[in-house]
Visitor: 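Got a structure for you, written out below as structure tokens; questions coming shortly.
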Amino acid sequence: MTDIWTALLYGCIIAVCFPLGALLTVQVEPSHRTIAAFMSLGAGLLLAASTIDLTLASLDHAGPAVTVAMILGAAAIFSTANWMLSKGGGGSRKRCGACVAQPSEEDQPGSGSAIALGTVLDALPEALVLGVVLNGSDNAIALTVALALGNVAQAISSTSGLRHAGRSRRFIATLWIGLALVVVATTAASFALLGGVGDSVRPWIEAFAAGILIAMICEAMLPEAFHEDHSFRGLVAAVGVCVFVLLHDLL
């Protein structure tokens, strides 16, 4: 049986990937082509996690009506929130800056706050559902690996964009370290408070998280992954899906 310390460990695994991806970007300064490939792989992993793991689990236990309603409702919430954040300058928070520039604070005052809020919006659902899944699921490891690798890809692209927009190292470090702490705390809180909700409520949470992830992938990750030269990006995304399938089957 998973305990709170194990939940904290899993939360740390997915959380530390945000500052890790940021650090890699600062040290290596990857090209747009490299970043797009990472985003394609991450999108494939997260799409597989949201469909194969979360959606099918909800479908098996709650049926199509609940699953569809929760996915559409969650996607609508994300899209609405993302649309509102876009008006404040947070819509391009996952862009690398070499293709589509993120706004600087001088260009759009308050855009830093919008980017920070959008980044939290992208990350909280995965921490929420991981805490729930850790109670009684046999596939928590596969989900954790998918979320972790997806987080590295997102942090790489977003950090590149932040640097192109002239954001300070202090802003970048505060954003990713702060987000990591929030993700760890959310995973632990979700495990403690929602993990015991039972089979009647768990599928609702899983479908809700799937809807958020699907909307986030389409609106925040795929635009970067397939911008300009998108040769073989679909293949890379398919590799991500296959990696999750293998992890799901083996672990």
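Only this structure's heavy atoms are used, side chains among them; waters, hydrogens and symmetry mates stay out.
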Visitor: Arg233 vs Arg33, test: side chain to side chain contact (heavy atoms under 4.5 Å, CB included). Steps then yes/no.
Guide: CA-CA 10 Å; Arg233 301 284 160 71; Arg33 183 185 294 272; 3.6 Å; yes
Visitor: Say whether, by atom type as modelled, one donor and one acceptor occur between the side chain of Glu126 and the main chain of Leu147 under 3.5 angstrom.
Guide: no
Visitor: Does Lys94 reach the side chain of Asp122, with side-chain heavy atoms less than 4.5 Å apart?
Guide: yes
Visitor: In Å and rounded to the nearest 0.5 Å, what is the CE to CG distance from Met221 to Leu47?
Guide: 8.5 Å
Visitor: Verify the distance criterion only: is there a donor paired with an acceptor across the side chains of Ser160 and Ser157 at less than 3.5 Å?
Guide: no
Visitor: Is it true that Thr25 and Thr159 share a donor-acceptor pair across their side chains at a distance under 3.5 Å?
Guide: no
Visitor: Would you mind reporting whether Asp53 and Phe244 have side-chain heavy atoms less than 4.5 Å apart?
Guide: yes
Visitor: So which atom in Ala22 and which in Ala155 form the shortest heavy-atom distance, rounded to 0.1 Å?
Guide: N-CB, 3.9 Å
Visitor: With rounding to the nearest 0.5 Å, note down the distance linking CD1 in Ile214 to OG1 in Thr51.
Guide: 6.5 Å
Visitor: Is the shortest side-chain heavy-atom distance between Ile141 and Tyr10 below 4.5 Å?
Guide: yes
Visitor: Run the salt-bridge test on Glu224 and Arg95 with the 4.0 Å N-O cut-off and return the result as yes or no.
Guide: yes
Visitor: Where is the tightest heavy-atom contact between Gly118 and Leu85, given as atom of each residue plus distance?
Guide: CA-CD1, 3.5 Å
Visitor: Is there a chain of hydrophobic side chains (I, L, V, M, F, W, Y, each step under 4.5 Å between heavy atoms) that links Ile35 to Val100?
Guide: no
Visitor: Does any non-hydrogen side-chain atom of Leu45 lie less than 4.5 Å from one of Val241?
Guide: no
Visitor: Are any of the side-chain heavy atoms of Cys17 and Leu149 separated by less than 4.5 Å?
Guide: no
Visitor: Looking at Glu29 and Arg163, does any basic side-chain N land under 4.0 Å from a carboxylate oxygen?
Guide: yes
Visitor: Taking a hydrophobic cluster as the set of Ile, Leu, Val, Met, Phe, Trp and Tyr residues connected by side-chain heavy atoms closer than 4.5 Å, whether directly or through intermediates, do Val239 and Val245 fall within one such cluster?
Guide: yes
Visitor: Can you tell me how far apart CD1 (Ile13) and CG (Leu8) are? Round to the nearest 0.5 Å.
Guide: 11.5 Å
Visitor: Could you give the distance from CG (Leu128) to OG1 (Thr187), rounded to the nearest 0.5 Å?
Guide: 9.0 Å
Visitor: Evaluate the criterion salt bridge (Lys or Arg N to Asp or Glu O under 4.0 Å) for residue pair Arg167 and Glu105; output intermediate values, then yes/no.
Guide: CA-CA 8 Å; Arg167 303 286 176 184; Glu105 201 66 26; 2.8 Å; yes
Visitor: Pairing donors with acceptors under 3.5 angstrom, does anything connect the side chains of Thr6 and Asp3?
Guide: yes
Visitor: Under a 4.5 Å cut-off applied to non-hydrogen side-chain atoms, are Met216 and Leu46 in contact?
Guide: yes
Visitor: For a side chain to side chain contact (heavy atoms under 4.5 Å, CB included) with Thr186, tell me which candidate from Leu181, Leu130, Leu124 qualifies.
Guide: Leu124
Visitor: Compare all side-chain heavy atoms of Ile14 with those of Val183 and state whether any distance is below 4.5 angstrom.
Guide: yes
Visitor: Do Phe18 and Leu23 land in one hydrophobic cluster if side-chain heavy atoms of ILVMFWY residues count as linked below 4.5 Å?
Guide: no
Visitor: Please lay out, stage by stage, how Val66 and His61 fare under the test side chain to side chain contact (heavy atoms under 4.5 Å, CB included).
Guide: CA-CA 10 Å; Val66 168; His61 293 93; over 6 Å; no
Visitor: Surrounding CZ of Phe38 (heavy atoms of other residues, nucleotides or ligands, distance under 6.0 Å), is the total greater than 12?
Guide: no
Visitor: With hydrophobic residues grouped by side-chain heavy-atom distances under 4.5 Å, do Val133 and Ile52 end up in a single group?
Guide: yes
Visitor: What distance do Leu59 atom CG and Leu54 atom CG have between them, rounded to the nearest 0.5 Å?
Guide: 12.5 Å
Visitor: Does Thr174 reach the main-chain N or O of Arg170 with its side chain, forming a donor-acceptor pair under 3.5 Å?
Guide: yes
Visitor: Decide yes or no on side chain to side chain donor-acceptor pair (under 3.5 Å) for Asp107 and Ser104, but give the supporting numbers first.
Guide: CA-CA 5 Å; Asp107 295 333; Ser104 66; 2.9 Å; yes
Visitor: Should Val182 and Phe78 be counted in the same cluster of Ile, Leu, Val, Met, Phe, Trp and Tyr side chains packed under 4.5 Å apart?
Guide: yes
Visitor: Do Ser158 and Gln102 make a side-chain contact, defined as non-hydrogen atoms from C-beta onward lying under 4.5 Å apart?
Guide: yes
Visitor: How close do Ala15 and Pro19 get, heavy atom to heavy atom, and via which atoms?
Guide: O-CD, 3.2 Å
Visitor: Show your working on side chain to side chain contact (heavy atoms under 4.5 Å, CB included) between Leu175 and Leu162 and close with a plain yes or no.
Guide: CA-CA 11 Å; Leu175 173 65; Leu162 292 169; 3.7 Å; yes
